[in-house]
Amino acid sequence: MSIYDTLNEPQREAVFHTDGPLLILAGAGSGKTRVLTHRIAYLIEERGVNPWNILAITFTNKAAGEMRQRVDSLVGFGSESIWVSTFHSMCVRILRRFIDRLGYENRFTIYDTDDQKTLMKEVCRKVDIDTKQFKERMLLSVISSAKNELISPEEFELNAGGDFGQKKIARAYREYEAQLKANNALDFDDLLVKTVHLLSTQPDVLENYQERFRYIMVDEYQDTNTVQFKLVSLLAGKYRNLCVVGDDDQSIYKFRGANIRNILDFEKEFPDAEVIKLEQNYRSTENILNAANSVIRNNLGRKDKTLWTDNGEGEKISLRQFDNGYEEAEFIAEDIRKGVREGAAYNDNAVLYRTNAQSRLFEEKFVAMNIPYKIVGGVNFYARREIKDILAYLKTVDNGQDDLAVRRIINVPKRGIGLTTVNRIQESADMRGISFYEALTAPDLIPGVGRSASKLDSFAALIEYFRGQSEKESLTDLLNEIIEQTGYIQSLEGDDPEDTAARIQNIDELISKAAAYEEDCEDRGEQASLSGFLEEVALVADIDSLDEEQDYVVLMTLHSAKGLEFPHVYLAGMEDGLFPSYMTITGDDPEELEEERRLCYVGITRAEKKLTLTSARSRMIRGDVQYNKLSRFVKEIPRDLLDMGNSGRGAFGRRRDSGSSEFSDSSGFSAGSEKSAGSSAGSLSYNKLVSGRQPFSALQKGSQLRAEKTDKLAYQAGDRVRHVKFGEGTVLEIREGGRDFEVTVDFDNAGVRKMFAMFAKLVKIS
DNA sequence: AGCTACGCTTTTTTT
DNA sequence: AAGCGTAGCT
């Protein structure tokens, strides 16, 4: 009896095939993570491979953490010396050590999308590009694609030939690279490109890593791009023990350079590669799987796979259509609440959508109905203004070379240093070939600053003071001091009192993240450093913060949902024009529609037990109302797999009456519309939406649902209670919340959980 | 010289 | 619905 007995035949084959190239085609839910973790365990335990020699590359930090944990519990020791990381963090680690060989300083900074855009704006000014004609975003995306294909600015210029536009872009590309270098900064793509560059020009470095990584595994291989492929090929070039896992049906990142060909070309690059297919799905019911299969079948040019399960038929897939997005959100919120009442946990549910903008309606409804939720994605935490401001201070203190960071904060909070002065400093810095910060420390040498000189002096003094402090005190102390000394909070209050509270909260969160980082370093016996923290912060994805232990409904885009699973999945906004998106329908590239279809496939296969599809006939998009038909993807699902609600007609036909009976709790919505321009109570009618726009703020502020709160509970702290799903437990605490009692219960089998009394339906026992 | 109010474009997805 | 750039104001 061994841990490998629990695997099925192909899984075991994949685990035992340790030497030489291996391609695992793993369908959704076919247990690929199990295979990878068992494979690592097998390498260590049975083949005596030193954990030190194993590299596993995952898509997100979260996945990396989970994999390490699971290997840990299988092997029990040594897993900490396995390299489990994302492509990007692996590259950062390598570059921190060796990038000086490429003429960069090892303490480079990493630019996020925002920084890139700011820099590109600069570039366009410099090389005289009209940003009306060539949008920064467009330039950046062209450059990004070039980088992903390992095309240098020089090559790009050659390829441009006589094409005026292309030549202009080439010019921008070259200047952009020069500026990055001048700022000692790398963008996301550079992390990969520079690493490949490093490995292909420095034989000793390559040798070093080839020796170290004798066994390499790559997860989500279908989403790798050309640079990543090159990188992996280089690393595995010597021992050729490369195992990649992927599913061509789940390739959804073409827009950022992912190349399905990497899967197909794998057998070309490694002709002796073994190919193993995992086709048994352990996650979903038959109905869900059949729906997924019948959708994906419409794609041409895919590797043939037949996913099957013996999980049983399961429930039908629910399809519900609504007149507008508000009703859709209301239904989902009500449905989740109903499920929780019947014993489900909030975190059994996930709401998935195509675009981040859709999250708002759900958020409002969930707040109003007191449903705990977590939105993944949207504006990245680290992209928020206040966070970027504070981080810019840290960057400036750490390394004055990052001109963008310095320019960002030189007048935040306001110090009376305006644009003209900033431009003069920059000009002078450019002329003298020094950094912005360096220039501003000697204002007398800059022509024209005259009166601002004293302000610059005091700004430089402030930064120097922080630098002194950063030597002496901890990161968190430094953060607090920066906030204190600059009066940042006060300036927020002056700016927009409306969301000051939220911003302060974010800053507090940043401080606790810094504290966590320091603790982490201490645990590992490393020295906590400012640059270490900045680096960690630069590479976190939103999904990394998702915590399965917490009981909340998760809301996110379909892209973010890849790799996750939930008992009950809601796919919202199943409308042509939204999903598949308008661009792909009208565009003439059938490949793009296929990518959307794969996205749909990913969404469907996230569901374990129950799948609910919803759509709205009209929807507010960027200010005005749009009318959409039911998504073509829904029509690709056989009708006998669908349950279309008690209104029989509807789903495929014309629209139903507005409102719906089974969830006619006219709650939040009517409260909101009463406040709006004289609309009648009750659910918003179809016509109403057409004639006027829905006053968003009124809805938000006026629609707080008054849930009937019981004034007394039948139990108190210390009592034994029973929950439908979690079983028996002891009440730890009862807190009087705004709308309901918040009860904390220590369940014998389900651990400590916080819940609202109204939904928990706890029964006192004994 | 710096700040503020108004009008104009915009994202589909992200490490 | 919100962020950015421009022009006009202090």
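Being a predicted model, the structure only gives us computed values, none of them experimental. A, B, ... follow the sequence lines: proteins, then strands. Residue 1 opens every chain. Just the heavy atoms: all of them, side chains too, but no hydrogens, waters or symmetry mates, feed the values below.
- Summarising the geometry, the separation between CG on A:D223 and P on B:dT13 is reported as 16 Å, rounded to the nearest angstrom.
- Taking the six-membered ring for Trp and the full ring otherwise, the centers of A:F362 and A:Y570 sit at least 6.0 Å from each other.
- Within the 4.0 Å cut-off from OP1 or OP2 of B:dT11, not a single side-chain nitrogen or oxygen of A:N356 is found.
- Put simply, A:T60 has no side-chain N or O that comes within less than 4.0 Å of OP1 or OP2 on B:dT15.
- Across the protein-nucleic acid pair, A:L419 atom CG and C:dC4 atom P stand 14 Å apart, rounded to whole Å.
- Checking A:D187 against A:Y176 by side-chain atom types alone, a donor-acceptor pair falls below 3.5 Å.
- Neither OP1 nor OP2 of B:dT15 sits under 4.0 Å from any side-chain N or O of A:N225.
- Listed pair A:T113 / B:dT14 fails the phosphate criterion, with no side-chain N or O lying under 4.0 Å from OP1 or OP2.
- Between A:E592 and A:H88, it is A:E592 whose nearest contact on DNA chain B lies nearer the 5' terminus.
- The distance between atom OH of A:Y353 and atom P of B:dT11, rounded to the nearest whole Å, is 19 Å.
- For the pair A:Q626 CD and C:dA1 P, the interatomic distance rounds to 15 Å; values are reported in whole Å.
- Taking atom CE on A:M620 and atom C1' on C:dA2, their separation rounds to 14 Å, with Å as the unit.
- Checking the phosphate oxygens (OP1, OP2) of B:dT10, a side-chain nitrogen or oxygen of A:K135 falls inside 4.0 Å.
- Of the side-chain N and O atoms in A:R424, one or more sit less than 4.0 angstrom from OP1 or OP2 of B:dA1.
- Residue A:R256 has no polar side-chain atom (N or O) positioned under 4.0 Å from OP1 or OP2 of B:dT15.
- Both A:T420 and A:F87 lie near DNA chain B, and the one whose nearest nucleotide falls closer to the 5' end is A:T420.
- In this structure, A:F255 counts as stacked on the base of B:dT13 under the 5.5 Å centre distance and 30° plane angle limits.
- You'll find that the side chain of A:R137 is closest to B:dT11, out of B:dG2, B:dT11, B:dT15.
- Residue A:S452 has a polar side-chain atom (N or O) positioned under 4.0 Å from OP1 or OP2 of B:dG2.
- Both tests do not hold together for A:K194 against A:Y104: distance to the six-membered ring centre under 6.0 Å, angle to the ring axis within 45°.
- Distance, A:K388 NZ to C:dG3 C1': 15 Å, rounded to whole Å.
- Between A:N299 and A:Y601, every side-chain heavy-atom pair lies at or beyond the 4.5 Å cut-off.
- Distance, A:R125 CZ to C:dT6 P: 11 Å, rounded to whole Å.
- Under 4.0 angstrom from either OP1 or OP2 of B:dT15 there lies no side-chain N or O belonging to A:N61.
- Of the candidates B:dT12, B:dT4, B:dT11, the closest approach to any side-chain atom of A:M583 belongs to B:dT12.
- Minimum heavy-atom separation, A:L191 to A:L186: CD2-CD1, 3.9 Å.
- For the OP1/OP2 pair of C:dG5 and a distance below 4.0 Å, the side-chain nitrogens and oxygens of A:K121 include at least one atom meeting the criterion.
- Checked against B:dT13, C:dA1, B:dT14, the side chain of A:R360 finds its nearest nucleotide in C:dA1.
- A close approach under 4.0 Å does not occur between any side-chain nitrogen or oxygen of A:S581 and OP1 or OP2 of B:dT13.
- Residue A:T557 places at least one side-chain N or O under 4.0 Å from the OP1 or OP2 atom of B:dT14.
- Defined by atom type and a distance below 3.5 Å, a donor-acceptor pair is missing between the side-chain atoms of A:S615 and A:E575.
- A:D112 comes within 4.0 angstrom of nothing in the nucleic acid, heavy atoms only.
- A donor-acceptor pair under 3.5 Å is absent between the side-chain atoms of A:D576 and the main chain of A:K629, judged by distance alone.
- Heavy atoms of A:E596 sit under 4.0 angstrom from at least one base atom.
- A:S89 comes within contact range of no nucleotide atom at all, as no heavy-atom separation falls under 4.0 Å.
- Rounded to whole angstrom, the span from the NZ atom of A:K117 across to the P atom of B:dT14 amounts to 16 Å.
- If you check every strand for non-hydrogen atoms under 4.0 Å, A:Y253 touches sugar and phosphate atoms only.
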